[in-house]
Amino acid sequence: QVQLVESGGGLVQPGGSLRLSCLASGFTIRLYPMSWYRRAPGKERELVAGISGGRTNYAESVKGRFTIFRDNYKNTMYLQMNSLKPEDTAVYFCSRQESYWGQGTQVTVSS
């Protein structure tokens, strides 16, 4: 069955970097549009970045700082997050077309 498992979250200081991973099983990741979402405390879930074929898209708030990419051999999607800000603090989820979701990984940006 389809499974998505995120990892890589943690506590980081402002200006730091993290790389999130989303290991997929039960399907071939390169054949489907995939996305990263996040939910900050007290806020609604928001789309952070998406990848479909060779195209990527980003929320305005993360453009130039975050990069979404895939390793098809590892069937894994990543989110490289640089220049992190406190407002990036959230639980990050990977998703396949908003039909399948991982359990989420917590990212906390704080000094």
Side-chain angles (χ1 to χ4, degrees):
Q1 71 276 24
V2 172
Q3 269 195 312
L4 299 169
V5 179
E6 301 98 335
S7 61
L11 173 64
V12 63
Q13 293 188 339
S17 298
L18 282 175
R19 178 177 291 184
L20 306 183
S21 300
C22 174
L23 175 61
S25 58
F27 70 102
T28 301
I29 200 169
R30 66 179 173 83
L31 299 179
Y32 292 86
M34 298 288 297
S35 302
W36 285 98
Y37 288 78
R38 67 186 180 188
R39 182 184 289 119
K43 294 187 177 181
E44 299 208 347
R45 183 182 67 200
E46 67 167 332
L47 175 66
V48 176
I51 184 167
S52 178
R55 296 182 179 180
T56 59
N57 61 280
Y58 298 91
E60 284 296 324
S61 59
V62 307
K63 275 185 182 177
R65 300 188 298 122
F66 291 11
T67 303
I68 186 172
F69 62 101
R70 289 183 295 217
D71 183 330
N72 294 331
Y73 291 101
K74 295 182 178 180
N75 214 38
T76 300
M77 178 177 68
Y78 299 93
L79 185 68
Q80 177 66 41
M81 306 186 295
N82 299 329
S83 302
L84 283 161
K85 305 175 181 180
E87 51 264 42
D88 295 317
T89 295
V91 179
Y92 285 71
F93 301 87
C94 64
S95 174
R96 192 189 97 176
Q97 297 175 292
E98 296 193 359
S99 295
Y100 297 94
W101 297 87
Q103 82 288 351
T105 185
Q106 176 71 46
V107 172
T108 303
V109 185
S110 175
S111 54

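Remember, predicted model here, so these are calculated numbers, not experimental data.
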* From Gln80 atom CD to Ser21 atom OG, the distance as rounded to the nearest 0.5 Å -> 9.5 Å

* Structure fact -> Rounded to the nearest 0.5 angstrom, the SG-CD distance for Cys22 and Glu6 is 5.5 Å

Whether the side chain of [X] engages the backbone of [Y] through a donor-acceptor N/O pair (distance < 3.5 Å, no angle test) should be reported.
{"X": "Ser111", "Y": "Gln13", "answer": "no"}
{"X": "Tyr58", "Y": "Ile68", "answer": "yes"}
{"X": "Asn57", "Y": "Val48", "answer": "no"}

* side chain to side chain contact (heavy atoms under 4.5 Å, CB included) evaluation trace for Val62 with Arg38 -> CA-CA 12 Å; Val62 307; Arg38 67 186 180 188; 4.0 Å; yes

* Quick one: do Arg39 and Glu44 make a salt bridge, cutoff under 4.0 Å? -> no

Heavy-atom distance under 4.5 Å between the side chains of [X] and [Y], does that happen here?
{"X": "Val107", "Y": "Leu20", "answer": "yes"}
{"X": "Tyr92", "Y": "Met81", "answer": "yes"}
{"X": "Phe27", "Y": "Leu4", "answer": "yes"}
{"X": "Pro86", "Y": "Pro14", "answer": "yes"}
{"X": "Arg19", "Y": "Phe69", "answer": "yes"}
{"X": "Asn72", "Y": "Ile29", "answer": "yes"}
{"X": "Gln106", "Y": "Thr108", "answer": "yes"}
{"X": "Trp36", "Y": "Phe66", "answer": "no"}

* Asked: Does the pair Asp71 and Tyr78 meet the rule for a side chain to side chain contact (heavy atoms under 4.5 Å, CB included), with working shown?
  -> CA-CA 8 Å; Asp71 183 330; Tyr78 299 93; 3.7 Å; yes

* To do: Test Asn82 against Ser17 for side-chain hydrogen bond (donor to acceptor under 3.5 Å, both in side chains), laying out the working first.
  => CA-CA 4 Å; Asn82 299 329; Ser17 298; 2.9 Å; yes

* Asked: Does CZ in Arg65 sit with more than 12 non-hydrogen atoms of other residues, nucleotides or ligands closer than 6.0 Å?
  -> yes

* Donor-acceptor side-chain pairing of Tyr37 and Arg45 below 3.5 angstrom -> no

